[in-house]
Structures are given as structure tokens and as C-alpha cells.
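All residue numbers in this chain count up from 1 along the given sequence. Hydrogens, waters and symmetry mates are skipped; everything else that's a heavy atom, side chains included, is used. Model, not experiment: these values are computed from the prediction.
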Amino acid sequence: QYSALTHLTLFLCVLGVHFLSVFPSHVLFVSIETRVQIQESVRGKDVFVIQTVSKDVNTTIMEMLIMVYACRTSCARSITGVLPYFPYSKQCKMRKRGSIVSKLIASMMCKAGLTHLITMDLHQKEIQGFFNIPVDNLRASPFLLQYIQEEIPDYRNAVIVAKSPSSAKRAQSFAERLRLGIAVIHGEAQDAESDQVDGRHSPPTVKTTGAIHPSMEIPLLIPKEKPPITVVGDVGGRIAIIVDDIIDDVDSFVAAAETLKERGAYKIFVMATHGILSSDAPRFIEESAIDEVVVTNTIPHELQKLQCPKIKTVDISMILSEAIRRIHNGESMSYLFRNIGVDD
């Protein structure tokens, strides 16, 4: 799980930042508990805890929390967490009788002793408000845009595609920077998260005519009916570049690629920051109409690349190392956010 940080380690050494490693040899598993031992003094020092999200995300979170708490109790001056991908970021909204798990993770990190967080492309930018510490939400879009310009020779004949209206803002940002057109796929299969069977539609046990005035009855919303899949925009004879922030379950991307092929797109690229690619995602990509999937190395995916040659990786360690250097030296972070808009 640490292979994605090799470039970052080299950058930090070149920049003169002391790099304290707490690797598996220093993370001891006693029974089913995790014990962390810091191998050198951190008293009065600025500590940067760098943690990638492995397949076992819960163990990853506990490792980081215990590392942060160990540094805090060892009197570190400041503790900055570097999480290229913030775990549980997709659970940032209240759904039915669930919970906002992102808020819970944020509270746990702050309670453990984290004083600053560096992450990249949060699923929702409002997650920053879950923390009571500074959060630098870096962007991977400059690296992905550079990949499009350098690795897709005829990208001028491309169109940026949002696979759903919710990702239209990201697609618009890419399209404006590349001076390309935009297309939006509207309509999809019925959402599995139906609330028809969760008890909300159960009628009152006793209906009395005198209990409430007829004019005060609560109005019922008309249930949603998603329209057939349509593509708003011309993709015929063009390269379609689907952009999103996370690629995990690839069913929606595969379905979008098939729709674009039917509309005449002759090449289909998928670009995202975080390539979780869980379960059988590599096999589905290999068998689909997608020509290439481009993700950054915020999450290790070497095994998935062996299973699917279509998966390509963009290195973003440079911006993480520069963020660490600037925070360590007390320099402004605004340089890393130049030309970044609210909707990017």
C-alpha cells in the first residue's frame, strides 16, 4: 500500500524535509489490535503523517489515528495528516436512517490530535466544514488536463462528457480549460436506494376525521420517474472523455460508454482522481467499450493494472510534496490553488 508514495518520499528528501517513516515493521499487530511505536523523538517537531488508503480501509484509518495520537502524546509541535484520498468521503450526506460517516471520521482525526490536513479532490467540498482544523483540498485536474494534452494526439476533436448531471460542473471546468465542447448523459436506471419499503409510506394506524382539518393535510410529492437515457450534446465522430472524481463501481461508466458508442463516439476515455476500482472493476473495464481509464496514484492500484492494461496512472506526488514543503516553511499555499475556481 506504500508503493504510491515512493515518488513523494524522493521529493521530500530533495526538498530537505525530514521524513520519518512508520512502516509495517513499526506497526505491530497484537492479536487483532494495532500498536504503533515511533522509533525516534518527535518532541517539538513538525510531523507529517502520510497514509494511503488500502483495501482494508478500516485498518488504514485506525493506523493513522493511533500514529497521530502517538505523536501527540510524544509532544510533537504540530501533526499534519496527508491523505491523498479521504476515506468514507462518499458517505457525506444523510440517507434515510443512516449517518454522515465523513463527519465521524473528521471528528476522530481532530480528537486524536491532527492539527492540519492535506487531501485531494474531496467528493464534496463541504466536507472541509466537518473539521475544526485547516484543510487543504488540493486538485488533480492540472495533471489530468496535462495528460489529455500530451497523451491524446487529436484531443481537439474531443468532447468532455458528464455521465450524470451531478458531475456536469467538473465536466464544464475541464471543457472550458481545454476549449472543448461538453455533453451530459441524462437519465439512468432506477436507483436501488428506493424508499418504498423502509416504512415511510406506511399509513397511520387509525385515521380519524376529526383529528385534523382537511385543509391542513400534508401534501405528498409526486414520485420521481427517471427518463430514458439521452445524451445532451453531439458526440458523433468525436473522442468522448468522461470525467469524474472517483471510479469505484464501474457499472455506470460502462453503461455510459455503451451509450456514447451508440451515439457515434469512436474513442472513449475515462478520467478520475481516485481509482478505487474495487471488486471486478478491472475485468468489466477490459470487456467494455472504454478505450482507456486514467487515474492518479492517490490510491495504490498496481494489482488492477496487471489485470487490465487499459488502466493508466498519473503521478501527483509533486503537488503533495510542495504542499508539505510550504506548510513546513510557513509559506503561502495560494500558489497551489492558482486559477482554481469554486466549482473545480
Side-chain angles (χ1 to χ4, degrees), residues 121 139-190 225-277 280-296 301 304-305 307-316 339 341 343-344:
D121 279 341
R139 304 295 198 277
S141 54
F143 298 91
L144 297 176
L145 290 170
Q146 184 181 28
Y147 183 93
I148 293 174
Q149 293 172 322
E150 295 179 356
E151 301 298 329
I152 304 178
D154 48 349
Y155 81 93
R156 289 293 181 186
N157 188 36
V159 58
I160 306 299
V161 180
K163 69 178 180 65
S164 64
S166 60
S167 57
K169 287 185 177 179
R170 177 180 294 269
Q172 180 182 357
S173 174
F174 273 66
E176 289 175 351
R177 281 166 169 75
L178 294 170
R179 274 64 171 175
L180 299 177
I182 185 174
V184 180
I185 299 177
H186 179 53
E188 51 190 355
Q190 179 66 39
E225 288 188 8
K226 295 184 179 180
I229 294 179
T230 58
V231 179
V232 181
D234 182 21
V235 297
R238 313 281 289 279
I239 299 173
I241 303 176
I242 304 174
V243 297
D244 212 334
D245 61 331
I246 298 174
I247 299 179
D248 186 4
D249 182 8
V250 298
D251 289 344
S252 58
F253 292 95
V254 171
E258 293 176 355
T259 301
L260 294 171
K261 275 289 185 184
E262 293 173 358
R263 299 302 194 278
Y266 71 92
K267 266 189 181 180
I268 299 172
F269 291 79
V270 176
M271 312 201 74
T273 303
H274 309 295
I276 300 177
L277 301 169
D280 292 329
R283 180 173 61 85
F284 291 149
I285 293 172
E286 187 67 24
E287 297 172 355
S288 71
I290 299 173
D291 292 284
E292 196 169 283
V293 173
V294 183
V295 294
T296 70
H301 52 269
Q304 289 89 332
K305 289 182 69 175
Q307 298 172 350
C308 178
K310 293 181 179 180
I311 301 173
K312 308 297 180 182
T313 307
V314 175
D315 180 33
I316 46 82
N339 300 325
D343 296 330
D344 292 337

Return all side-chain donor-acceptor pairs below 3.5 angstrom for residues 262-271, not counting sequence neighbours, or 'none' if the list is empty.
from, atom 1, to, atom 2, distance (Å)
Arg263, NH2, Ile229, O, 3.4
Tyr266, OH, Asp154, OD2, 2.9

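Within the 3.5 Å criterion, the main-chain N or O of Arg170 finds no donor-acceptor partner in the side chain of Asp244.
For Ser141, the side-chain hydrogen bond (donor to acceptor under 3.5 Å, both in side chains) criterion is met by no residue, not counting sequence neighbours. Residues satisfying the salt bridge (charged side-chain N to carboxylate O under 4.0 Å, His left out) test with Lys169, not counting sequence neighbours, are Asp343. Considering only residues two or more places apart in sequence or on other chains, Ser173 meets the side-chain hydrogen bond (donor to acceptor under 3.5 Å, both in side chains) condition with Arg177, Asp344. Every residue meeting the side-chain hydrogen bond (donor to acceptor under 3.5 Å, both in side chains) condition with Asp245, not counting sequence neighbours, appears here in chain and number order: His123. Scanning for side-chain hydrogen bond (donor to acceptor under 3.5 Å, both in side chains) contacts around Glu258 gives an empty result, with sequence neighbours left out. For His274, the ring-ring contact (aromatic ring centres under 6.0 Å, His included) partners at least two apart in sequence or on another chain are Tyr85. Scanning for side chain to side chain contact (heavy atoms under 4.5 Å, CB included) contacts around Asp248 gives Lys90, Ile246, Ile276, Ser278, with sequence neighbours left out. In this structure, the side chain to side chain contact (heavy atoms under 4.5 Å, CB included) partners of Ala140, at least two apart in sequence or on a different chain, are Met120, Asp121, Thr273, Thr296, Ile316. A search for side chain to side chain contact (heavy atoms under 4.5 Å, CB included) contacts involving Gln304 returns Leu277, Pro282, His301, Ile311, not counting sequence neighbours.
Counting all heavy atoms, side chain and backbone alike, Ile242 lies closest to Ala257 at CD1-N, 4.5 Å. Nearest heavy-atom pair across Lys163 and Ser252 is NZ-OG, 3.4 Å. Listed here is the closest heavy atom pair of Ser288 and Ile285: OG-O, 2.8 Å. Of all heavy-atom pairs spanning Ala289 and Lys261, the tightest one is CB-CG, 3.6 Å.
The stretch residues 286-295 participates, sequence neighbours left out, in these salt bridge (Lys or Arg N to Asp or Glu O under 4.0 Å) pairs: Arg283-Glu287. Listed by first then second residue, pairs satisfying ring-ring contact (aromatic ring centres under 6.0 Å, His included) with a partner in residues 143-180 number zero, not counting sequence neighbours.
For the atom pair Ile290 CD1 and Cys308 SG, the distance stands at 8.5 Å (nearest 0.5 Å).
Exactly one residue among Val159, Leu178, Ile152 makes a side chain to side chain contact (heavy atoms under 4.5 Å, CB included) with Ile241. That residue is Ile152. Considering Ile182, Ile239, Val184, Ile185 as possible partners of Val161, the one that fulfils the side chain to side chain contact (heavy atoms under 4.5 Å, CB included) test is Ile185.
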Stepwise, does the side-chain contact (heavy atoms from CB on, under 4.5 Å) test hold for Arg156 with Arg179? CA-CA 8 Å; Arg156 289 293 181 186; Arg179 274 64 171 175; 4.1 Å; yes
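Proximity of Val250 to Ile247: side-chain heavy atoms (C-beta onward) are separated by under 4.5 Å at one or more points.
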